[in-house]
Structure formats: structure tokens, C-alpha cells
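Everything below concerns the one structure shown next.
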Amino acid sequence: MAFKIIGAVCIIISTTAIGFGQSFRLHLRYRELLELKKILCLFSGEIRFGGGTLEEAFETVAGRCRFPFQKFFLFLTEEMQKKEGERLVDIWNRALAEQLKEAHLTDGDKEILVRLGTELGCLDLETQLHTIALAAEQVEDARRELHEELPKKMRLYNCLGILAGVFITILLI
């Protein structure tokens, strides 16, 4: 009988931890969207007022942002410094795939960055700034939508974790 109780407690604790983990990942996505919005504003300012190259803008932004975006922009800077003739869009997409795999962004969030990468470096200054502003607006929309859903979804994940543990325990006993 003691083993059943210990097993039931272990099941409930583990499913609760899974639910809280999902809830925490959702919160991390929200924080990363806030950071991404800030980064896009910094990047826009660097392009508008910095007067340097994209490589210099990437380096400056890398110095002012946090993980995982710092790795992303440092990777872009390093790859552009190699000057191997690779197109910026290819470097950008490789950086997205390799450096942001640990990010909690959804595929939709990453698609915004993919579209941004296709437009950078091949258009005039004003068009690039409009493209960055559009990306920032899309990130803000995603953040706002998540902000509205966040309390409900976090509570749902937490409750589902607990209830799943209780349900599995009832089935096994």
C-alpha cells in the first residue's frame, strides 16, 4: 500500500512539474518577444543614425542585447567579417537555424525574422527602415496577443498538469 501512495505522489508531482514547465516556457516566450521588440528598435536606430555598415550595426546590437539574441547577432558579425562572398540572407537564415534554436519563439515568430532577413542589405535605407518597423510591429502584435492569453494559458497548463497526475493515479489504482 505504501508503494502505491509513493507512486501516486511521484506521478502527481511529475505531471505537475510538466504543467508548470509548459507555463514557464510560455512566460519565457513573452520575455523574448519583449527583448526582440527592443532589439529591432535598437537595430533601426543603428541603421538610421549609426551611419555604419550592417556588420557594425549587428556588432553594436549584440553588445546591447541578451541571450539568445546576443549569440545570434555575434554570429552574424563573425560570419560577415569572414567576407567569403556568402549572401546576407543565407548567413541570416543559418544564424536563425543555429543560434536561435534554444529560443522559445514559435515558428510564426521566427518567420517574422526570416522575412526581415530577406529584405536586409539589398534595399535602400528607407525601405530597410520600413521593413524593420514592420517586423517590430508584427512582433508587438504577437506579444500583445500573448499578453492577453498568458494568464489563462499559464493557469490552464498548471491545472492540466495537476489534473493529469490525479487522473493517471486514479486509473492506476
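Bear in mind the structure is a predicted one, so any value in this text is a computation, not a measurement. Excluded from the calculations below are hydrogen atoms, water molecules and symmetry mates; all remaining heavy atoms, backbone and side chain alike, are included.
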Practice task
Would you give the length of the straight line joining atom CZ of F58 to atom CH2 of W92, rounded to the nearest 0.5 angstrom?
Solution key: 5.0 Å

Practice task
Show your working on salt bridge (charged side-chain N to carboxylate O under 4.0 Å, His left out) between E149 and K152 and close with a plain yes or no.
Solution key: CA-CA 6 Å; E149 299 174 352; K152 293 179 221 166; over 6 Å; no

Exercise for the section: Any chance you could measure K110, atom NZ, to R115, atom CZ, to the nearest 0.5 Å? Expected result: 14.5 Å

Practice task
Please step through side-chain contact (heavy atoms from CB on, under 4.5 Å) for the pair N93 and V89, ending with a clear verdict.
Solution key: CA-CA 6 Å; N93 288 334; V89 68; 3.8 Å; yes

Practice task
Look at atom CZ of R144 and say whether more than 12 heavy atoms of other residues, nucleotides or ligands are closer to it than 6.0 Å.
Solution key: yes

Exercise for the section: May I ask whether F72 and V114 are part of the same hydrophobic cluster, defined by side-chain heavy atoms of I, L, V, M, F, W, Y residues being less than 4.5 angstrom apart, directly or through others? Expected result: yes

Problem - Path from L36 to L129 over hydrophobic side-chain contacts below 4.5 Å - result: yes

Handout entry: Short side-chain to backbone donor-acceptor contact, N158 and M154, under 3.5 Å
Key = yes

Exercise for the section: Work out which heavy atom in A8 is nearest to a heavy atom in T169; give both atom names and the distance. Expected result: CB-CG2, 3.2 Å

Handout entry: Full working for side-chain contact (heavy atoms from CB on, under 4.5 Å) between L100 and F69
Key = CA-CA 7 Å; L100 290 183; F69 300 108; 4.0 Å; yes

Practice task
Taking the side chain as every heavy atom from C-beta outward, state whether L26 and L150 have any atom pair closer than 4.5 Å.
Solution key: yes

Problem - Separation between CZ of R64 and CG of L42, rounded to the nearest 0.5 Å - result: 4.5 Å

Handout entry: Contact check, side chains of L105 and L33, non-hydrogen atoms, under 4.5 Å
Key = yes

Handout entry: Ionic contact status for E35 with K38, cut-off 4.0 Å
Key = yes

Practice task
For residues L120 and F43, determine if any side-chain heavy atom of one lies less than 4.5 Å from a side-chain heavy atom of the other.
Solution key: yes

Exercise for the section: Using the side-chain contact (heavy atoms from CB on, under 4.5 Å) rule, take L54 and I47 through it: C-alpha gap first, then chi angles, then the decisive distance, then the call. Expected result: CA-CA 7 Å; L54 279 175; I47 289 177; 3.9 Å; yes

Practice task
Could you tell me whether a side-chain N or O of E119 sits under 3.5 Å from a main-chain N or O of T131, the two making a donor and an acceptor?
Solution key: no

Exercise for the section: Identify whether L88 and L40 are in the same connected component of the hydrophobic contact network (ILVMFWY, side-chain heavy atoms under 4.5 Å). Expected result: yes

Exercise for the section: Could you walk me through whether I12 and I168 pass the side-chain contact (heavy atoms from CB on, under 4.5 Å) test, one step at a time? Expected result: CA-CA 8 Å; I12 292 172; I168 291 171; over 6 Å; no

Problem - CZ/F167: more than 12 non-hydrogen atoms of other groups inside 6.0 Å - result: no

Handout entry: H104 side chain reached by H27 side chain, heavy atoms, under 4.5 Å
Key = no

Handout entry: Lys/Arg-Asp/Glu bridge criterion (N-O < 4.0 Å) met for R94, E79
Key = yes

Handout entry: From CZ (R48) to CD1 (I132), nearest 0.5 Å
Key = 9.0 Å

Problem - From E32 atom CD to I39 atom CD1, the distance as rounded to the nearest 0.5 Å - result: 9.5 Å

Completion exercise
When rounded to the nearest 0.5 Å, the distance separating CG of L156 from CD of Q22 is 11.0 Å

Problem - With sequence neighbours excluded, residues passing side chain to side chain contact (heavy atoms under 4.5 Å, CB included) with E59 - result: T77, Q81

